[in-house]
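Below, all heavy atoms of this structure are taken into account, side chains as well, without hydrogens, waters or symmetry copies.
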Amino acid sequence: QVQLVESGGGLVQPGGSLRLSCAASTLDDYAIGWFRQAPGKEREGISCISSRDDSTYYTDSVKGRFTISRDSAANTVYLQMNSLKPEDTAVYYCAAALYGRPMAMCVAKIAGSWGQGTEVTVSS
């Protein structure tokens with residue numbers, strides 16, 4: 001079992017940036033994904049990263065604006081969010097899937113562990 005804690009959310013103006021952090025008890029053999037859920041909408045997988053290499057997946061709406069990365073020594077996965085839009089407003093969750101693959105994890109929205117979420121609000 002892996003414990004996950006998100007941080008870094010907050011209020012930001014359109015066009016601004018935030019970096020979210022997902023601190024894990026371990027990253028060994030776990031793919032990590034970032035998901036978000038806006039009020040009244042389905043949860044969507046927006047970016048996921050492989051457990052063993054740097055393979056990544058991004059959903060079309062964030063491609064080119066968001067970047068996922070991992071610091072294995074710190075057991076932390078980051079989501080750098082640039083050029084933020086009001087439609088990015090949501091609660092953001094990180095999740096872990098044992099031996100997961102990035103695209104499958106994000107598209108299927110399957111994970112064994114979830115963090116508590118951190119809220120991101122993009123508004124002027």
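- Remark: R65 engages D88 in a salt bridge (Lys or Arg N to Asp or Glu O under 4.0 Å) (not counting sequence neighbours).
- With sequence neighbours excluded, the residues that form a side-chain contact (heavy atoms from CB on, under 4.5 Å) with S7 are S21.
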* Asked: Yes or no on side chain to side chain contact (heavy atoms under 4.5 Å, CB included) for L20 and Y78, after CA distance, side-chain angles and deciding distance?
  -> CA-CA 6 Å; L20 305 184; Y78 302 98; over 6 Å; no
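- Judged as a side chain to side chain donor-acceptor pair (under 3.5 Å), and not counting sequence neighbours, the contacts of S17 are N82.
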* **side chain to side chain contact (heavy atoms under 4.5 Å, CB included) between I46 and L79, intermediate numbers included** => CA-CA 10 Å; I46 58 171; L79 184 68; 3.9 Å; yes
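- Applying the ring-ring contact (aromatic ring centres under 6.0 Å, His included) test to pairs two or more places apart or on separate chains, none has a residue in residues 44-69.
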Scan the side chains in residues 115-124 for donor-acceptor partners under 3.5 Å anywhere in the protein, sequence neighbours excluded, and list what turns up.
from	atom 1	to	atom 2	distance (Å)
Q116	NE2	E6	O	3.1
Q116	NE2	E6	OE1	3.3
T118	OG1	G9	N	3.1

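- Across G100 and A31, no two heavy atoms sit closer than the pair O-CB, 3.4 Å.
- Between the side chain of K109 and the main chain of R43, a donor-acceptor pair closer than 3.5 Å is present.
- Contacts classified as disulfide bond (SG atoms under 2.5 Å apart) and involving residues 49-103 (residues at least two apart or in different chains) are given here: C22-C94.
- Put simply, the side chain of V62 reaches to within 4.5 Å of the side chain of R36, judged on heavy atoms.
- Take D54 and apply the side-chain contact (heavy atoms from CB on, under 4.5 Å) test, not counting sequence neighbours, and it matches no residue.
- Around the CD atom of E87, the shell of radius 6.0 Å holds more than 12 heavy atoms that belong to other residues, nucleotides or ligands.
- Sorted by first and then second residue, the pairs that involve residues 34-77 and meet disulfide bond (SG atoms under 2.5 Å apart), not counting sequence neighbours, are C48-C106.
- In the hydrophobic clustering of this structure, V91 does not group with V5; members are Ile, Leu, Val, Met, Phe, Trp, Tyr whose side-chain heavy atoms approach within less than 4.5 Å, directly or through other members.
- Linking Ile, Leu, Val, Met, Phe, Trp and Tyr whenever their side-chain heavy atoms come within less than 4.5 Å leaves I32 and M105 in two separate clusters.
- For R52, the salt bridge (Lys or Arg N to Asp or Glu O under 4.0 Å) criterion is met by D29, not counting sequence neighbours.
- Sorted by first then second residue, the ring-ring contact (aromatic ring centres under 6.0 Å, His included) pairs that include residues 5-24, not counting sequence neighbours, number zero.
- For K63, the salt bridge (Lys or Arg N to Asp or Glu O under 4.0 Å) criterion is met by D60, not counting sequence neighbours.
- Contact between A38 and A90 at its shortest, heavy atoms only, is N-CB, 3.8 Å.
- Of the inter-residue distances, the one linking T76 atom OG1 with R70 atom CZ reads 10.5 Å to the nearest 0.5 angstrom.
- Residues I49 and P102 have side chains not in contact (no heavy-atom distance under 4.5 Å, counting atoms from C-beta outward).
- For residues 93-116, the pairs satisfying ring-ring contact (aromatic ring centres under 6.0 Å, His included) are F35-W114, with sequence neighbours left out.
- To the nearest 0.5 Å, atom CG of residue L4 and atom OG of residue S25 are 7.0 Å apart.
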